[in-house]
Amino acid sequence: MKRLTFWVLLCAVPLMLFNRCSKKQDCPVFWGYQVPLPLYFRVVQNNQRLPDSVLDHLKLSYNKDSKKQYISDFGRAGAEGYGLGVLLTREIGLRSGDDKIKDYYLEFPNGEVDTLYVDYKSLTPCEAVKSGSCCLYLLKSVKFNRVEASNDPSIEKLPVYLFTKP
């Protein structure tokens, strides 16, 4: 939780300085997050979290210009999330919102690959204010193996998506 608080503060401070729209009368000051909030998720199989031996070696990739790229900040959540098998990435919001990459691949150590569809929309500060969003990256949809993901009901402190592996 300390790590999350650190990132929230780190992201929020620059916003409080001079982030305004070009026409001040048309748009109030944006007081939100300039970077995407982390995408948190858990993968379960047979209603059990995956073992550490799998979680520690997962990779998250995407294709850009016909080349496989890896999400560099993808990994296990710290503190409480680590023991629950929570995974996280913030970079996926930038790739999806700015680069328009929506399809990702969760690669398992045994060679299996599951698909993620992650749709963020990149907003201008004015669009964010007018939409009521507190972030310039609006998360619109998350799917795991083409099935719409839902929040994990066992975790209440953070919005964590639950992916059920067949």
Exercise for review: Spell out, yes or no, whether Tyr62 and Tyr161 are grouped together once hydrophobic residues are joined by side-chain heavy atoms under 4.5 Å, including indirect joins.
Suggested key: yes

**Study point:** Asp73 CG to Thr89 OG1 distance, which is reported to the nearest 0.5 Å
**Key:** 3.5 Å

**Study point:** Minimum side-chain heavy-atom gap His57-Phe108 below 4.5 Å
**Key:** no

Exercise for review: Indicate yes or no for a side-chain donor-acceptor contact from Asn145 to the backbone of Thr115 under 3.5 Å, with no hydrogens or angles considered.
Suggested key: yes

Check your understanding: Which pairs pass salt bridge (charged side-chain N to carboxylate O under 4.0 Å, His left out) with one or both residues in residues 133-152, sequence neighbours excluded?
Key -> Arg42-Asp152

Point to revise | Check: Gln45 and Thr164 side chains under 4.5 Å, non-hydrogen atoms | key: no

Exercise for review: Let me see the working for Phe74 and Leu58 under side-chain contact (heavy atoms from CB on, under 4.5 Å), right down to the final yes or no.
Suggested key: CA-CA 9 Å; Phe74 173 68; Leu58 287 173; 3.9 Å; yes

Study note, to complete from the structure: Heavy-atom nearest pair, Pro153 first then Leu162, reads CD-CD2, 4.4 Å

Point to revise | Reference residue Phe163; test ring pair (Phe, Tyr, Trp, His ring centres under 6.0 Å); the match among Phe41, Tyr117, Tyr40 | key: Phe41

Point to revise | Hphob cluster co-occupancy, Leu60 + Leu50, side-chain heavy atoms under 4.5 angstrom | key: yes

Point to revise | Pro36 to Cys135 - nearest heavy-atom pair and separation | key: CA-SG, 4.0 Å

Review point. Do Ser61 and Gln69 pass the side chain to side chain donor-acceptor pair (under 3.5 Å) test, and can you show the C-alpha distance, the side-chain angles, and the key distance before you say yes or no?
Key: CA-CA 5 Å; Ser61 66; Gln69 306 286 324; over 6 Å; no

Point to revise | Closest heavy-atom pair and its distance - Gln34, Leu136 | key: CA-CD1, 3.8 Å

Practice item. Give the other cluster members for Val147, using side-chain heavy-atom distances under 4.5 Å between Ile, Leu, Val, Met, Phe, Trp and Tyr residues; answer none if it is isolated. Key: none

Exercise for review: Please report the shortest heavy-atom distance between Pro38 and Leu88, naming the atom on each side.
Suggested key: CB-CD1, 4.3 Å

Side-chain donor-acceptor distances from residues 91-106 under 3.5 Å, at least two apart:
residue: Glu91; atom: OE1; partner: Ser72; partner atom: N; Å: 2.8
residue: Glu91; atom: OE1; partner: Ser72; partner atom: OG; Å: 2.6
residue: Glu91; atom: OE2; partner: Arg95; partner atom: NE; Å: 3.2
residue: Arg95; atom: NH1; partner: Asp99; partner atom: OD2; Å: 2.7
residue: Ser96; atom: OG; partner: Lys102; partner atom: NZ; Å: 3.2
residue: Ser96; atom: OG; partner: Val118; partner atom: O; Å: 2.8
residue: Ser96; atom: OG; partner: Tyr120; partner atom: N; Å: 2.8
residue: Asp98; atom: OD1; partner: Ser122; partner atom: OG; Å: 3.3
residue: Asp98; atom: OD1; partner: Tyr137; partner atom: OH; Å: 3.1
residue: Asp98; atom: OD2; partner: Tyr137; partner atom: OH; Å: 2.8
residue: Lys100; atom: NZ; partner: Gly97; partner atom: O; Å: 2.7
residue: Lys102; atom: NZ; partner: Ser96; partner atom: O; Å: 2.9
residue: Lys102; atom: NZ; partner: Asp119; partner atom: OD1; Å: 2.8
residue: Lys102; atom: NZ; partner: Tyr120; partner atom: O; Å: 2.9
residue: Tyr104; atom: OH; partner: Ser96; partner atom: N; Å: 3.3
residue: Tyr104; atom: OH; partner: Ile101; partner atom: O; Å: 2.6

**Study point:** Over 12 foreign heavy atoms within 6.0 Å of CG, Asn110
**Key:** yes

Review point. Should Val86 and Val44 be regarded as members of a common hydrophobic cluster, given that ILVMFWY residues are connected when their side-chain heavy atoms come within less than 4.5 Å of each other, either directly or indirectly?
Key: no

Practice item. Mind listing the closest non-hydrogen atom pair of Asn63 and Lys68 along with its distance? Key: OD1-CA, 3.7 Å

Exercise for review: Would you check if Asp56 and Arg76 make a side-chain contact, meaning some heavy-atom pair closer than 4.5 Å?
Suggested key: yes

Review point. Do NZ/NE/NH1/NH2 and the carboxylate oxygens of Lys165 and Glu112 come within less than 4.0 Å?
Key: yes

Point to revise | Main-chain N/O of Leu84 paired with Arg49 side-chain donor or acceptor, under 3.5 Å | key: no

